[in-house]
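This report concerns only the one structure given below.
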Amino acid sequence: MKDLIIVGAGPGGYVAAIRAAQLGMSVTVVERDEVGGVCLNWGCIPSKALLRNAEVLELIHGANQFGIQTGAVTADFGAAVDRSREVVKRLTSGVQSLLKSNGIEVIRDTAVLTGPQEIHLNGHNEHLSAQNILLAVGARPRSLPDVPIVPGRIVTSREALEERDLPASVLIIGGGPIGCEFATIWRAYGCDVTIVDVAPHLLPAEDPSCSEALERAFRQREIGIRTATSIQRLHPKTDHVRVEVNGPQGDETLRVARVLIAIGSQPNSDRVAADAHHLLDRRGFVQTDSLHRTEMPGVWAIGDVAGPLLLAHVASEQGVRAVETMAGHPAPPLDYVMMPRATYSHPEVASLGLTEPQARETGRPIAVGAFPFQANGRALALGDTSGFVKIVADGDTGELLGAHMIGHGVSELLGEPLLAVTSESTLDEVERTVHPHPTLTEAFKEAALMALGRPIHLPVRQASRR
Amino acid sequence: VASDVIMPKMGYDMTSGVLARWLKHPGDKVRRGEPIAEVETDKVTIEIEAFGDGTIGKLLVNEGDRVPVGAPIATLETTIVPTHATDLRPVGAGEGGEAIPTKERAGAAEATVVSHRTGPATTPGREGRELARPQAGGPMPAGMSEPEEPPPSGGEDRGRIKASPLARKLAATHGVDLATISGTGPSGRIIKADIESQVQQPEGRVEPERRQPPTAAAPTAPPQPAPAPAAAPPRPAPTPTAGPQRAPAAQPATAGERIELSRAMQAVGRIMAASKQSVPHFYVTLPIAMDDALALRAELNAVLPDDAKVGVVDLIVKATALALADTPAFCRLYTADGPIQAGGIHVAVAVALPDGAIVSPVLRDADRMPLTAMAKRSRRLFRDARDGRLSVDAMQDAIFTVSSLGSVGVESFAAIITPPQSGVLAVGSITPEPVVRDGDIDVEQRMRLTLSADHRLVGGVGAADFLHKVRDRLEAPYRLLIDTEAPAA
């Protein structure tokens with residue numbers, strides 16, 4: 001009997017498998033498709049490749065600003081999709097060799113949980129048992145109720161990442177990270193893009209200042225934003241989709257070439273837990289405790305199939321902690337509030353921790369600093385000064401409660417506040433840390449200085465905001 | 001996996017404990033860290049925690065049973081395989097930098113089997129913290145100097161304490177001494193949660209009228225409600241009138257009936273008897289004019305926040321600590337192996353508990369700690385003591401004790417030394433007395449200090465010299481604010 005069977009080889013499952021192998025367990029991974037899961041194959045990675053294409057294209061279109069004349073530019077969207085698939089292929093083969101080098105067996109099949117220590121392999125039609133079973137089967141894009149996917153017309157991110165042709169116009173349902181990223185991609189390639197969301201703002205989970213800044217940047221690029229608007233009905237036609245919406249201006253009918261549904265994910269628990277429905281909550285997520293154990297002894301669940309935060313890096317960390325707990329080394333439960341979040345739109349939005357309103361709601365004294373990239377030398381030199389870095393800290397101790405950033409490449413600035421949170425560094429340590437000049441990271445230090453009431457690179461009256 | 005929950009060893013002189021109360025019953029589900037039972041030792045009542053998630057199997061002893069250390073008291077069916085014993089590192093053996101003397105480490109490590117709170121690889125140093133056993137103390141407190149095991153002292157690790165910047169800040173804000181805390185972060189690092197649990201636990205239990213430690217009361221202050229054991233004669237040992245620990249008022253006993261003393265009082269009695277029989281005590285008394293000290297205290301308290309106000313005892317402890325730092329003979333401990341050098345000026349302050357028991361929280365490095373920080377710290381320690389929440393770290397390594405009966409109107413008394421300490425200072429009340437000064441009769445606020453010293457460590461002249469040093473600082477009290485001699489060590 002193996003020590004561990006992991007069902008699903010996404011960023012949760014394959015990372016857990018490697019960690020388990022490091023801890024001396026014998027591990028079998030069951031994967032129905034390519035290793036890497038949605039993240040590598042149909043999510044984070046291919047979309048980042050397309051976003052890079054969009055960025056290059058936008059740079060070329062804006063070359064005039066740098067005194068560079070380009071003449072007519074043609075961009076082949078199909079080639080961008082091909083490049084993204086190439087990136088995916090290199091990454092998944094990398095993961096395959098990682099698993100192999102760690103001595104992890106990978107079985108290509110689907111599985112059903114049949115007992116505390118047993119699964120059934122559907123394709124092989126055989127049972128497999130192990131001391132522990134880790135469910136990491138992930139989630140898939142959710143569609144609207146009673147709205148079937150129509151290739152080329154009504155799609156989710158899964159289909160959109162494969163379609164090589166470019167629609168003339170797109171309606172994106174959902175102003176979350178996925179919707180905002182596709183808006184960025186398609187707009188760069190010249191599509192007519194509109195985002196619809198029932199929430200009052202794009203990225204409603206982010207600090208309102210970031211959401212508003214993103215909306216301004218999108219509007220400047222003529223991306224249509226219809227917030228506080230709901231979808232009434234979708235009518236797919238042969239060459240377009242008619243969409244009835246209801247918003248602040250009342251009922252309206254829009255006509256677009258394609259609709260992208262980006263309203264979230266649904267767990268893939270229906271397949272693996274077909275015989276174990278009591279393990280699921282109302283929405284189909286596998287219920288676990290803070291150490292990722294389900295009610296069934298020896299059965300664990302991590303990642304998008306378990307929640308609560310459907311992010312690749314959260315799944316990986318959950319996986320590591322789950323197997324460490326199996327090995328008798330339980331780590332403290334994850335603090336989901338402090339998990340990093342990033343949207344790779346243009347401009348990027350990146351954050352962790354409490355938003356400013358959330359921090360104020362706690363009633364504790366708080367200090368806020370928000371430093372604009374307009375006053376950052378590197379941003380000026382880059383020719384992209386949109387956005388800011390905002391820090392929310394405890395007013396007494398300087399403990400970092402949240403960081404919220406929008407601008408060019410800000411997802412790469414998350415490392416510093418994250419390490420500060422993990423190591424319990426305060427604003428004082430950020431202040432005492434010498435930041436390289438000129439870099440965008442200086443904006444983080446200046447925001448910390450603002451929260452302390454003493455920024456160097458801002459005129460005095462602007463700095464007094466608290 | 002079924003595992004035994006054993007009676008932990010919570011101090012190196014503990015041989016058994018009384019299972020006071022079961023908090024869980026067979027079949028109950030418990031989570032790791034959840035209390036299973038209350039165990040009463042000589043001085044404290046401590047909760048035994050589950051080492052892992054699971055279900056209580058059998059209870060192997062009854063409430064009230066005395067159980068030897070290491071004997072199983074219950075079985076726990078765990079859902080997680082408990083870590084192998086070999087994975088458990090002794091407390092402080094990692095990089096924790098905790099200043100826990102080796103003897104205590106050994107004792108605490110045995111307790112890890114019982115309270116295994118977090119992953120062993122990441123948190124050496126946490127285990128056994130709540131389990132550790134406070135050192136007894138009192139006006140003539142308990143010293144547990146069993147011949148074969150000299151108490152921990154001296155040679156302690158003064159190295160860097162690992163603590164996060166935020167934890168350091170919070171510790172400073174709340175007057176928490178990092179040396180008294182065990183970290184639960186990576187490699188025993190002290191993190192925010194450790195400070196918060198230290199700060200928050202006792203506070204929820206404070207009753208308003210207890211906010212002022214009775215030992216710190218000025219003569220002008222109203223009498224403290226806390227019943228110090230000796231409103232009575234210069235015999236400061238706890239009187240047997242107090243009932244058993246934690247018991248409600250006992251029925252009046254009939255003549256000739258055998259009286260059961262609380263374990264805490266039994267322990268104090270045992271240690272005091274041993275001390276009085278083996279340590280050659282001698283006593284020196286000196287009157288001290290406290291007018292200037294009281295004036296300074298009034299001026300300080302006019303500007304200090306409530307939680308930092310300075311008590312009379314704080315002034316005396318500070319003066320004592322500075323005098324100790326200036327008197328090498330009193331910075332020695334008389335152990336079973338003879339005199340050894342102390343590791344720092346750690347001064348215990350005897351606190352009488354409502355039930356008659358006495359504990360002595362320790363102000364570490366009292367010579368170096370600023371007066372106001374010390375006042376804050378002692379306030380917290382007294383409160384913890386009263387709530388029965390003093391950690392063992394807060395009660396060990398004392399080299400000298402200050403004991404006051406001033407607040408209960410005692411003019412002077414002589415106290416018994418807690419081995420292996422070098423002495424104990426007994427503090428009487430401050431009263432206006434007539435003095436002859438330049439041929440005139442004047443009124444002075446006078447207080448008598450009586451030093452009990454161990455004649456093996458110091459002679460009469462040395463004792464008098466030490467008391468003069470205490471007096472000089474109390475009569476010129478600005479020295480308490482600026483005077484920070486390096487320890488004589």
Side-chain angles (χ1 to χ4, degrees), chain A residues 3-4 22-25 116-117 131-132 288-300 320-333 335 338 353 364-365 367 393-401 417 419-433 448 452, chain B residues 1 3 29-34 50-55 77-89 112-113 116-124 126 162-174 176 178 181 183-187 189-197 199:
Chain A
D3 293 325
L4 175 63
Q22 287 174 348
L23 290 166
M25 297 185 206
Q117 296 186 318
Q131 292 288 343
N132 286 295
T288 67
D289 64 9
S290 65
L291 293 174
H292 316 294
R293 294 170 297 192
T294 70
E295 264 180 33
M296 196 182 282
V299 178
W300 311 60
V320 166
R321 287 174 190 235
V323 297
E324 285 179 351
T325 305
M326 291 173 204
H329 309 292
D335 179 358
M338 285 300 174
R364 67 207 285 184
D394 183 282
D396 289 335
T397 61
E399 177 186 9
L400 207 60
L401 303 176
L419 186 60
V421 166
T422 307
S423 60
E424 294 191 347
S425 290
T426 68
L427 294 181
D428 297 325
E429 282 70 45
V430 176
E431 178 183 17
R432 291 285 158 240
T433 303
L452 290 167
Chain B
V1 183
S3 318
K29 286 204 163 166
V30 293
R31 311 217 32 122
R32 183 162 52 94
E34 209 177 327
F51 51 75
D53 293 3
T55 307
E77 192 75 30
T78 47
T79 44
I80 306 181
V81 183
T83 315
H84 297 299
T86 49
D87 287 340
L88 295 170
R89 284 193 232 160
T112 55
V113 183
H116 172 56
R117 301 187 66 133
T118 41
T122 55
T123 64
R126 171 68 188 238
K162 281 184 99 173
S164 79
L166 182 58
R168 287 181 191 279
K169 229 177 246 188
L170 288 169
T173 306
H174 296 291
V176 172
L178 286 176
I181 301 212
T184 61
S187 305
R189 192 177 195 234
I190 299 171
I191 58 174
K192 176 187 171 192
D194 301 325
I195 307 290
E196 284 183 337
S197 63
V199 170

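Letters A, B, ... mirror the listed sequences (proteins, then strands); counts begin at 1.
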Scan A:Asp394, A:Leu427, A:Thr426, A:Val430 and name whichever one has a side chain to side chain contact (heavy atoms under 4.5 Å, CB included) with A:Leu400.
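Only one option passes, and that is A:Leu427.
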Just give me the residue among B:Pro165, B:Ala167, B:Ala163 that pairs up with chain A most often, heavy atom to heavy atom, under 4.5 Å.
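Most pairs with chain A among the choices: B:Pro165.
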For A:Glu399, which atoms come within 4.5 Å of any heavy atom of chain B: side chain, backbone, both, or neither?
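When you check distances to chain B, atoms from both the backbone and side chain of A:Glu399 fall under 4.5 Å.
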Can you tell if the side chain of B:Val176 reaches within under 4.5 Å of the side chain of B:Ile181, non-hydrogen atoms only?
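Yes, side chains in contact.
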Which region of B:Ile191, side chain (C-beta onward) or backbone (N, CA, C, O), has a non-hydrogen atom less than 4.5 Å from a non-hydrogen atom of chain A, or is it both or neither?
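Both backbone and side chain.
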Let me know if B:Lys169 has heavy atoms under 4.5 Å from chain A in its side chain, its backbone, both or neither.
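Just its side chain gets close to chain A.
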Check this for me: A:Gln22, atom CD, are more than 12 non-hydrogen atoms of other residues, nucleotides or ligands nearer than 6.0 Å?
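More than 12 within 6.0 Å, yes.
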For residues B:Arg31 and A:Arg293, report the shortest heavy-atom separation together with the two atoms involved.
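The answer is NH2-NH2, 3.7 Å.
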